[in-house]
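Notes follow once the structure below has been shown.
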Amino acid sequence: MEMLKIAAVVLYHPTDAFYLIKRNRGKNFILPSIVLILSLVITRVLFILFTNYTVAEVDLRNVDMVSEIAVYSWVLFSWAIASYAISAIMSGSTFFSEALYGTALAAMPLIVFQIPIAMSTWVMGNSEKVFLDFMVMAMWVWTIFLVFRGVMVMNEYSFGKTIGVCLISVIFIVIFWSVLLMLVIFTRNLIDFASGLFQEFTTT
């Protein structure tokens, strides 16, 4: 119940919500984090399905729901890991479970408003797509602000240090996934090469 209260508070008193996470240190934040992430994934899928096709940002005939789910989950988990790792180095004061829950809480604007925005598109025409774009942008700006505020409050950082930690976290994510992607490509090419050699030996 306390976790639900925090999720509700973050929309109108974000600073208090992130302080409550610190106050409840020792509680299990993993389960509520997963619930929020699943809620985000579900609302994203419903947003795609319910948005009027005349103003939709994605084509339902070509959309890959698995990729949509993977990307949203990847972004949240990647940020939680990166922000925790960097803050641990830079005198932070959060555990990983707290960083994960704080990141999941920051997605509350997306969780709460994606479906209402999707439903509102049914009274929009093609010429009014600008309103959809504005509302989607507002959700993301709000979410990014909450991410920033969460890092700042939970680690007791100054404004400048929070900017530095967030920038380094973004760089960390880019480097980590770039290296991982290169390893996957290298491994795949190595397997293809070994498979080709094996076929040549077996056919001669």
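We count residues from 1, following the sequence as given.
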Salt bridge (Lys or Arg N to Asp or Glu O under 4.0 Å) filter on Arg44, not counting sequence neighbours, yields Glu57, Glu68
Contacts satisfying salt bridge (charged side-chain N to carboxylate O under 4.0 Å, His left out) that involve residues 76-90 (not counting sequence neighbours) are none
Students should find that the hydrophobic cluster of Ile185, defined by side-chain heavy atoms under 4.5 Å apart, otherwise consists of Leu181
Let me have the donor-acceptor pairs involving side chains of residues 107-116, under 3.5 Å, with sequence neighbours excluded, atom names and distances please.
residue: Gln114; atom: NE2; partner: Thr43; partner atom: OG1; Å: 3.2
residue: Gln114; atom: NE2; partner: Leu110; partner atom: O; Å: 3.3

Sorted by chain and number, sequence neighbours left out, salt bridge (Lys or Arg N to Asp or Glu O under 4.0 Å) with Asp133 holds for Lys129
Value for CG (Asn28) from OH (Tyr101), rounded to nearest 0.5 Å, stands at 11.0 Å
Value for CG (Leu105) from OG (Ser33), rounded to nearest 0.5 Å, stands at 7.5 Å
Show me the donor-acceptor pairs, under 3.5 Å and distance only, between side chains in residues 134-152 and residues at least two apart or in other chains.
residue: Thr143; atom: OG1; partner: Met139; partner atom: O; Å: 2.9
residue: Arg149; atom: NE; partner: Thr15; partner atom: OG1; Å: 2.9
residue: Arg149; atom: NH2; partner: Thr15; partner atom: OG1; Å: 3.0

Nearest heavy-atom approach of Ile37 to Ala104 is CG1-CB, 4.3 Å
>> Using a 3.5 Å distance criterion without hydrogens, assess whether the side chain of Ser97 forms a donor-acceptor pair with backbone atoms of Phe29.
In response: no
Taken in chain and number order and not counting sequence neighbours, the residues that satisfy side-chain contact (heavy atoms from CB on, under 4.5 Å) with Ala118 are Phe47, Phe50, Thr51
Sequence neighbours excluded, the answer for side-chain contact (heavy atoms from CB on, under 4.5 Å) partners of Ile34 is Ile30, Leu38
Return a table of donor-acceptor pairs under 3.5 angstrom between the side chains of residues 165-180 and protein atoms on other chains or two or more places apart.
residue: Ser169; atom: OG; partner: Val165; partner atom: O; Å: 2.8
residue: Trp177; atom: NE1; partner: Ser78; partner atom: OG; Å: 2.9
residue: Ser178; atom: OG; partner: Val174; partner atom: O; Å: 2.6

Residues pairing under salt bridge (charged side-chain N to carboxylate O under 4.0 Å, His left out) where one sits in residues 95-112, two or more places apart or in two chains, turn out to be Lys22-Glu98, Arg25-Glu98
Residues pairing under salt bridge (charged side-chain N to carboxylate O under 4.0 Å, His left out) where one sits in residues 174-191, two or more places apart or in two chains, turn out to be none
Hits for side-chain contact (heavy atoms from CB on, under 4.5 Å) against Val41, two or more places apart or cross-chain, chain-then-number order -> Ile69, Ser73
